[in-house]
Colleague: 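Attaching a single structure in structure tokens format; questions to follow.
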Amino acid sequence: MRMSPEELLKRSFEGDLIALSRLLTLIEFPAETDPEIFSFIMRELMKRSGNAHVIGVTGNPGVGKSTLISKIISIYREKGSRVAVVSVDPSSPFSKGSFMGNRIRMQQHSQDPGVFIRSTATRGAKGGLGIGTTLLIEAFDGLGFDKIIIESVGAGQIDVDIQNVSHTTINVLIPGAGDEIQLLKAGLMEIGDIYVVNKSDKPEAEIIYKQLQELFESENIESRTGWRPRIYKTSAVMGWGVEELTSGIEDHKKYLLENGGFKEIIRRRRVYSTKQYVKYIIENYIERYLDRVDKDLLEKISMGSVDPFTASLELVKKLITK
Ligand SMILES: Nc1nc2c(ncn2[C@@H]2O[C@H](COP(=O)(O)OP(=O)(O)OP(=O)(O)O)[C@@H](O)[C@H]2O)c(=O)[nH]1
Ligand SMILES: [Mg+2]
């Protein structure tokens, strides 16, 4: 059955799961929808968006992000907040397990109408987020979710992408994360708002916790919003320290609300999202154009009778005059 856009929105606002899934798929793949319908739907959602607290959780594969998020969800649910999770699957052959793992670790919330978990693939996009992530955030925000948690695999660093869309960025480390500490010390790593030493049921956790503490005390490090990063110790499996962590996340939200950072981050997210789409559309256009490059020129390039730079200038000139 096809639903009109009005019907789709109405049912999604009522919490109908089928309508909601359909709406989110439509938003994730905008090129497959009539542009007018798309902009109507987004307009309706964005009339209501701008209130959700976006929390980015990043960290190496297996540090316990999903397990931790599941515990954080429980605490927010006790407070009556509605929670959406966007779990970003890096879609690499090495991460097949991640996609399923994320769902399994958060399964206890699957029957709760106040929790919605959505997986999205990066589909080869650079950085840690898929192109659709920013619009999914906008949609969940407009649908009235209070907390939107993004799970993204960072390769040892907080990727810039997650900082561009999140109010609060959490970097999860585990015992033995010496490399990350080195990167932080060398100033080669973006500074997150909150650092979590997870798996602190292991005694070695104390070492990295102390190292982080020393580093942040000595260097007077601030995150990009002028906030002094906090460090928490948790054991996601045991449920230790998650209450404290969650109240730290709320302190950070309060900090942003008091100094105007909260709205500013939403504005920045929207500009960032637009730029990402412009690049995405142009890149796709160029890919299609390059697939149709004339055979003669390709032959000359591959035989070496024209150098790659000169050939590329010619191709760009042709593309622009088209
Ligand atoms: N000992 C211990 N193990 C934990 C803790 N938290 C998570 N784990 C285990 O670590 C493994 C990975 O946990 P996940 O929550 O899937 O980790 P993740 O960071 O989401 O993993 P990816 O999504 O694959 O990157 C699982 O076997 C968890 O049970 C913890 O606090 N202590
Ligand atoms: Mg996970």
Colleague: Walk me through it: do S87 and R105 pass the test side chain to side chain donor-acceptor pair (under 3.5 Å)?
Modeller: CA-CA 12 Å; S87 101; R105 313 247 189 266; over 6 Å; no
Colleague: Do the side chains of D193 and K253 get close enough for a salt bridge, i.e. N-O under 4.0 angstrom?
Modeller: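 Looking at D193 and K253, the cut-off is not met.
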Colleague: Check this for me, if you would: do K10 and E14 make a salt bridge, where the nitrogen-to-carboxylate-oxygen distance has to be below 4.0 angstrom?
Modeller: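 Yes, charged N to carboxylate O under 4.0 Å.
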Colleague: Among Y232, Y209, F216, which residue satisfies the ring-ring contact (aromatic ring centres under 6.0 Å, His included) criterion with Y195?
Modeller: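 Result: among Y232, Y209, F216, F216 is the only option passing the ring-ring contact (aromatic ring centres under 6.0 Å, His included) with Y195.
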Colleague: Members other than V237 in its cluster, when Ile, Leu, Val, Met, Phe, Trp, Tyr link by side-chain heavy atoms under 4.5 Å?
Modeller: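 Noted: V237 shares its cluster with M238, W240.
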Colleague: Please check this pair: side chain of S166 against backbone of Q163, looking for a donor-acceptor N/O pair closer than 3.5 Å.
Modeller: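 Checking the backbone N and O of Q163 against the side chain of S166, no donor-acceptor pair under 3.5 Å is found.
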Colleague: Assess the side chains of H53 and K147: does a donor N or O sit below 3.5 Å from an acceptor N or O?
Modeller: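 Result is yes, a qualifying pair exists.
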Colleague: Using modelled atom types and a 3.5 Å cut-off, is there a donor and acceptor pairing between side-chain atoms of S200 and backbone atoms of T234?
Modeller: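 Present.
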Colleague: Would you sort out whether D201 and S235 count as a side chain to side chain donor-acceptor pair (under 3.5 Å), showing the intermediate values?
Modeller: CA-CA 6 Å; D201 46 289; S235 168; 2.8 Å; yes
Colleague: Is I72 close to I249 at the side-chain level, that is, under 4.5 Å between some pair of heavy atoms?
Modeller: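 Yes, their side chains come closer than 4.5 Å.
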Colleague: What distance do I149 atom CD1 and K65 atom NZ have between them, rounded to the nearest 0.5 Å?
Modeller: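 Here the rounded value is 14.0 Å.
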Colleague: Is there a side-chain contact between E138 and M46, using heavy atoms and a 4.5 Å cut-off?
Modeller: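 In short, these two side chains touch, coming nearer than 4.5 Å.
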Colleague: Does one hydrophobic cluster hold both L256 and L245, with members joined at side-chain heavy-atom distances below 4.5 Å?
Modeller: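 No, no single cluster joins them.
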Colleague: Can any side-chain N or O of S110 pair as donor or acceptor with the backbone N or O of M106 at less than 3.5 Å?
Modeller: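 No, the answer is negative, given that no donor and acceptor are paired below the 3.5 Å cut-off.
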Colleague: Is L24 linked to I150 within one hydrophobic cluster, defined over Ile, Leu, Val, Met, Phe, Trp and Tyr using a side-chain heavy-atom separation of less than 4.5 Å?
Modeller: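 Yes, same cluster.
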Colleague: Report yes if some heavy atom in the side chain of R77 is under 4.5 Å from a heavy atom in the side chain of D112; otherwise report no.
Modeller: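 Answer yes - side chains close enough.
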Colleague: So do the side chains of N171 and I191 get within less than 4.5 Å of each other, counting heavy atoms only?
Modeller: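 With C-beta onward as the side chain, the pair stays apart.
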Colleague: So, for F38 and I27, which heavy atoms are closest and what is the spacing to 0.1 Å?
Modeller: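 Scanning both residues completely, I find the closest heavy atoms to be CE1-CA, 3.8 Å.
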Colleague: Main chain of L143, side chain of R82: is a donor-acceptor contact present, judged purely on distance under 3.5 Å?
Modeller: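 Judged by distance alone, yes, a pair lies under 3.5 Å.
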Colleague: What is the minimum heavy-atom distance between K202 and P175, and which atoms define it?
Modeller: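 Closest pair (atom of K202, atom of P175, distance): CB-CG, 4.3 Å.
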Colleague: Is the backbone N or O of K47 less than 3.5 Å from a side-chain atom of R43, with the two atoms forming a donor-acceptor pair by type?
Modeller: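 No; zero donor-acceptor contacts below 3.5 Å.
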Colleague: Search all heavy atoms of G192 against all heavy atoms of P229 and return the closest pair with its distance.
Modeller: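 Where G192 meets P229 most closely, the heavy atoms are O-CB, 3.7 Å.
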Colleague: Got a list of side-chain donor-acceptor pairs under 3.5 Å for residues 308-317, not counting sequence neighbours?
Modeller:
unit_1 : atom_1 : unit_2 : atom_2 : d
T310   : OG1    : D307   : OD1    : 2.3
T310   : OG1    : D307   : OD2    : 3.3
S312   : OG     : P308   : O      : 3.3
S312   : OG     : F309   : O      : 2.7

Colleague: Would E44 and S39 satisfy side-chain contact (heavy atoms from CB on, under 4.5 Å), going step by step from the backbone distance to the final call?
Modeller: CA-CA 9 Å; E44 288 303 308; S39 76; over 6 Å; no
Colleague: With clusters defined by side-chain heavy atoms of hydrophobic residues (ILVMFWY) lying less than 4.5 Å apart, directly or transitively, does L215 cluster with I207?
Modeller: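 No; L215 is not reachable from I207 via cluster members.
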Colleague: Just wondering, more than 12 heavy atoms not from E243 lying within 6.0 Å of its CD?
Modeller: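 No.
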Colleague: If I compare all heavy atoms of G142 with all of F13, which pair ends up nearest, and what's the gap?
Modeller: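 The answer is O-CE2, 3.4 Å.
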Colleague: Report yes or no: does Y255 contribute a side-chain atom to a donor-acceptor pair with the main-chain N or O of T225 at less than 3.5 Å?
Modeller: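 Looks like yes, one N/O pair under 3.5 Å.
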Colleague: Transitively linked via ILVMFWY side-chain contacts under 4.5 Å: L136 with I162?
Modeller: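 The answer is yes; both residues are in one hydrophobic cluster.
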Colleague: Any side-chain heavy atom of I208 within less than 4.5 Å of one from E204?
Modeller: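 No, too far: nothing below the 4.5 Å cut-off.
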Colleague: Please state whether the rings of F145 and F140 are parallel, tilted or perpendicular, taking 30° and 60° as the class boundaries.
Modeller: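 Rings of F145 and F140: perpendicular, as their planes differ by over 60°.
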Colleague: Can you tell me if S223 and R230 form a side-chain donor-acceptor pair at under 3.5 Å?
Modeller: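 Checked: S223/R230 side chains show no N/O donor-acceptor pair below 3.5 Å.
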Colleague: With side chain to side chain donor-acceptor pair (under 3.5 Å) as the criterion, how do N102 and S66 come out once you've worked through the C-alpha distance, each side chain's angles and the decisive distance to 0.1 Å?
Modeller: CA-CA 5 Å; N102 294 346; S66 304; 2.7 Å; yes
Colleague: I need the minimum non-hydrogen distance between D141 and G50, along with the two atoms involved.
Modeller: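 Where D141 meets G50 most closely, the heavy atoms are OD2-N, 2.9 Å.
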Colleague: Around atom CD1 of I18, are there more than 12 heavy atoms of other residues, nucleotides or ligands at under 6.0 Å?
Modeller: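 For I18, atom CD1 is not crowded (no more than 12 foreign heavy atoms under 6.0 Å).
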Colleague: Is any side-chain heavy atom of T25 closer than 4.5 Å to one of R118?
Modeller: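 A side-chain contact under 4.5 Å exists here.
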Colleague: What is the distance from atom OG1 of T133 to atom CZ of R269, rounded to the nearest 0.5 Å?
Modeller: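 Spacing of OG1 (T133) from CZ (R269) equals 11.5 Å.
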Colleague: Decide yes or no on side-chain contact (heavy atoms from CB on, under 4.5 Å) for F29 and T33, but give the supporting numbers first.
Modeller: CA-CA 8 Å; F29 303 101; T33 307; over 6 Å; no
Colleague: Begin from the C-alpha positions of D294 and L297 and carry the test side-chain contact (heavy atoms from CB on, under 4.5 Å) through to its verdict.
Modeller: CA-CA 6 Å; D294 73 87; L297 183 58; 3.8 Å; yes
Colleague: Measure from the side-chain N and O atoms of K71 to the backbone N and O of A236, and report whether any donor-acceptor pair falls under 3.5 Å.
Modeller: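 It does hold such a pair.
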Colleague: Pair Q276, T134 - check side chain to side chain donor-acceptor pair (under 3.5 Å), show working.
Modeller: CA-CA 9 Å; Q276 292 295 95; T134 49; over 6 Å; no
Colleague: Any non-hydrogen side-chain atom of K263 less than 4.5 Å from a side-chain atom of N51?
Modeller: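 Heavy-atom side-chain distance check passes, below 4.5 Å.
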Colleague: Please tell me if the side chains of D146 and V83 come closer than 4.5 Å, counting only heavy atoms from C-beta onward.
Modeller: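 No. Closest side-chain heavy atoms not under 4.5 Å.
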Colleague: Would you mind checking if E244 and K233 are paired as a salt bridge, meaning a charged N to carboxylate O distance below 4.0 Å?
Modeller: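 No, K233 and E244 are not salt-bridged.
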Colleague: Please check this pair: side chain of S74 against backbone of S70, looking for a donor-acceptor N/O pair closer than 3.5 Å.
Modeller: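 Yes, S74 side chain to S70 backbone: donor-acceptor pair under 3.5 Å.
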Colleague: Taking H109 for the side chain and V115 for the main chain, is one N or O donor matched with an acceptor at less than 3.5 Å?
Modeller: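 It does not hold such a pair.
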Colleague: Under 3.5 Å, side chain of N198 to main-chain N/O of V172, donor-acceptor pair present?
Modeller: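 Checking the backbone N and O of V172 against the side chain of N198, no donor-acceptor pair under 3.5 Å is found.
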Colleague: Could you tell me whether E214 and K210 have a side-chain N and a carboxylate O separated by less than 4.0 Å?
Modeller: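 K210 and E214: not salt-bridged.
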Colleague: Output the distance between atom CD1 (I282) and atom CD1 (I286), rounded to the nearest 0.5 Å.
Modeller: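 These two atoms lie 6.5 Å from each other.
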Colleague: Using every non-hydrogen atom in the two residues, find where E28 and T120 come nearest and quote the distance to one decimal.
Modeller: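 Distance-wise, the nearest heavy atoms are OE2-OG1, 2.6 Å.
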Colleague: Hydrophobic clusters join Ile, Leu, Val, Met, Phe, Trp and Tyr when side-chain heavy atoms are under 4.5 Å apart, directly or via other members; which others share one with M303?
Modeller: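 None; M303 is a cluster of one.
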Colleague: Measuring from M3:CE to L23:CG, what's the distance to the nearest 0.5 Å?
Modeller: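 Rounded to the nearest 0.5 Å, the CE-CG separation comes out at 9.5 Å.
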Colleague: I need the single residue from I181, I231, V197, L173 that forms a side chain to side chain contact (heavy atoms under 4.5 Å, CB included) with Q211. Which is it?
Modeller: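 Among I181, I231, V197, L173, the one that satisfies the side chain to side chain contact (heavy atoms under 4.5 Å, CB included) with Q211 is I181.
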Colleague: Between L135 and L20, is there a shared hydrophobic cluster once you connect ILVMFWY residues whose side-chain heavy atoms come closer than 4.5 Å?
Modeller: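 Hydrophobic grouping puts L135 with L20.
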